[in-house]
Structure formats: C-alpha cells, structure tokens
Number of protein chains: 2
Amino acid sequence: MDEVALMFKTLSDPSRIRILYLLSQEECSVGHIAEVLKMTQSAVSHQLGYLRTLRLVKVRREGNSMIYSYEDDHVISLMKQAIQHAEHR
Amino acid sequence: MDEVALMFKTLSDPSRIRILYLLSQEECSVGHIAEVLKMTQSAVSHQLGYLRTLRLVKVRREGNSMIYSYEDDHVISLMKQAIQHAEHR
DNA sequence: TAACTATATGAACATATGCTCATATAATTG
DNA sequence: CAATTATATGAGCATATGTTCATATAGTTA
C-alpha cells in the first residue's frame, strides 16, 4: 500500500498536479513552467527534481534549457480521470 | 486543481488507503477496522472523521457500534486502479 | 575567457499531518 | 441507575512538506 500511497502523494499537491497537467499537454522548459504557473524557478525545479526521482518525468537538454516531458502514462491517466470527475459534479 | 489535489491527498496516506480498501470489501465497525489493520481505535476514528468530512464514507449506528461503508464509487475506482497498476510491474 | 542565461541544490522556515494520550459522549446491560 | 462497551474528540508532539533565499553548476555567446 505504501507504493500506492506514494503515487497518490505525488498527485496530492496542487503545484505538482499543475506541472504534470501542463506537461501532459506540451513539453516545457523549467522557465516556461515557472512563467505559466506563476511559480518561482526554484520551486518548479525542486518539484521537477521530485518528479524525476519518481520517474514521472524525463529531461533532455536543448541549448542551455532543460526540456521536461512526462514519462508515466498511467499516472497521467489517473490524473486526467480525477480532473474529469472533479469537473462533472 | 485544489479539489483534485484534495482527492489525491486523501489517498496519499497508507492508513486511509487501507481503511478505504477494507471498506471496499466489507462494511466495518470502527473496532473491527482497528483490529484488522492493527491500528489504535483513536487513530482509526480520526481518519474516519476525515473521510466522513469528505463524504467518502458513510455511517449508521447498529447497537452501540458504528458501521462504516464507502460512499464515493469514483474514489474507490481510482484506488483500485492504482493498486492494480502497482501490482503489475 | 568573461559575462550571461538557465537550471539545480542546500539550508532554513512556516505550516500541515498523523499519531498518542486522556477524556468525553452515547448506547447497552445488569 | 451504575457499570460497561464502543466511538469521538481535543491537545500536544514529532515528523514531513513546500516554499524562499542564496548560491552553485553548466552551457552559450560576445
């Protein structure tokens, strides 16, 4: 159950959900995420580090930007289901 | 997104997941949950209070026992999906 | 190479969380 | 009614969490 809880814990923070949702729609650099979500560069980077640890996102370098994209389809699917459910009621 | 995060936060604690999973299989009194999950009566009751607040469980009295059962099918469904996913990998 | 840009990271802090302990509430039984 | 059983709840505590601030790292460009 701890593993399941960990997956949900990842999705239990608004910032992380917003980051993952953004990444579910487009690849993003750290700065772009910070700008769109109106978060500090540092806060975004910390959260991305967390998501990276859990292998929920992957990175590649492009020039001196780091481009993030999601890596775990199942988590994205769970997230979208939850969003849909929250919208329809 | 806060609403979605709240739903996931509920499922982000092992104790709550275990309680909900148990309730997904059978109605239970507080004492029974505590016994099965080897948790304190107080800890179980606190968590049930939390789950009740979010309308994820409902209660009825039976003698001097309180019988809990789950109330939100969608959350149960998300939980089971996550468990299945965790098992198969 | 020096200056610049983008990102990462460590420390510190304020808040949130889940538990325990003690006690309150409520129904049942003798 | 008193004692018992089952559950709820408030206070307090230890730990976890997410953010900010300052700074480090790494690639790019003049």
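All figures in this text were calculated on a predicted structure; none of them were measured in a lab. Just so we're on the same page: letters track the sequence lines, and every chain starts at 1.
- Comparing C:dA6, C:dT9, C:dC19 against the side chain of A:S42 picks out C:dT9 as the nearest.
- Taking every side-chain heavy atom of B:M39 into account, C:dC19 is the closest of C:dT17, C:dC19, C:dT28.
- B:T40 comes within contact range of the sugar-phosphate backbone alone, with a heavy-atom separation under 4.0 Å but no base atom that close.
- Taking the side chain of B:R61 as heavy atoms from C-beta on, and the options D:dA26, C:dA26, C:dG18, the nearest nucleotide is C:dA26.
- Closest contact between the side chain of B:V30 and the listed nucleotides D:dT17, D:dA8, C:dT7 involves D:dA8.
- Residue contacts for B:G49: at a heavy-atom cut-off of 4.0 Å it reaches no nucleic acid atom on any strand shown.
- Under 3.5 Å, the side chain of A:Q41 and the base of C:dA8 form at least one donor-acceptor pair of N or O atoms.
- Regarding contacts with the backbone of C:dT17, every side-chain N or O of B:R16 stays at 4.0 angstrom or more from both OP1 and OP2.
- In plain terms, the two heavy atoms of B:C28 and B:L22 that are nearest each other are SG-CG, 3.8 Å.
- Among the nucleotides C:dA8, D:dG18, C:dA26, the one closest to the side chain of A:M66 is C:dA8.
- Taking only side-chain atoms of A:Q47, from C-beta outward, the nucleotide of D:dT19, C:dA8, C:dG18 with the closest atom is D:dT19.
- Distance from the side chain of B:H46 is smallest to C:dC21 among D:dT20, C:dC21, C:dA8.
- Of all nucleotides listed (C:dA27, D:dT28, C:dT7), C:dT7 comes nearest to the side chain of A:S65.
- Residue contacts for A:Y50: at a heavy-atom cut-off of 4.0 Å it reaches no nucleic acid atom on any strand shown.
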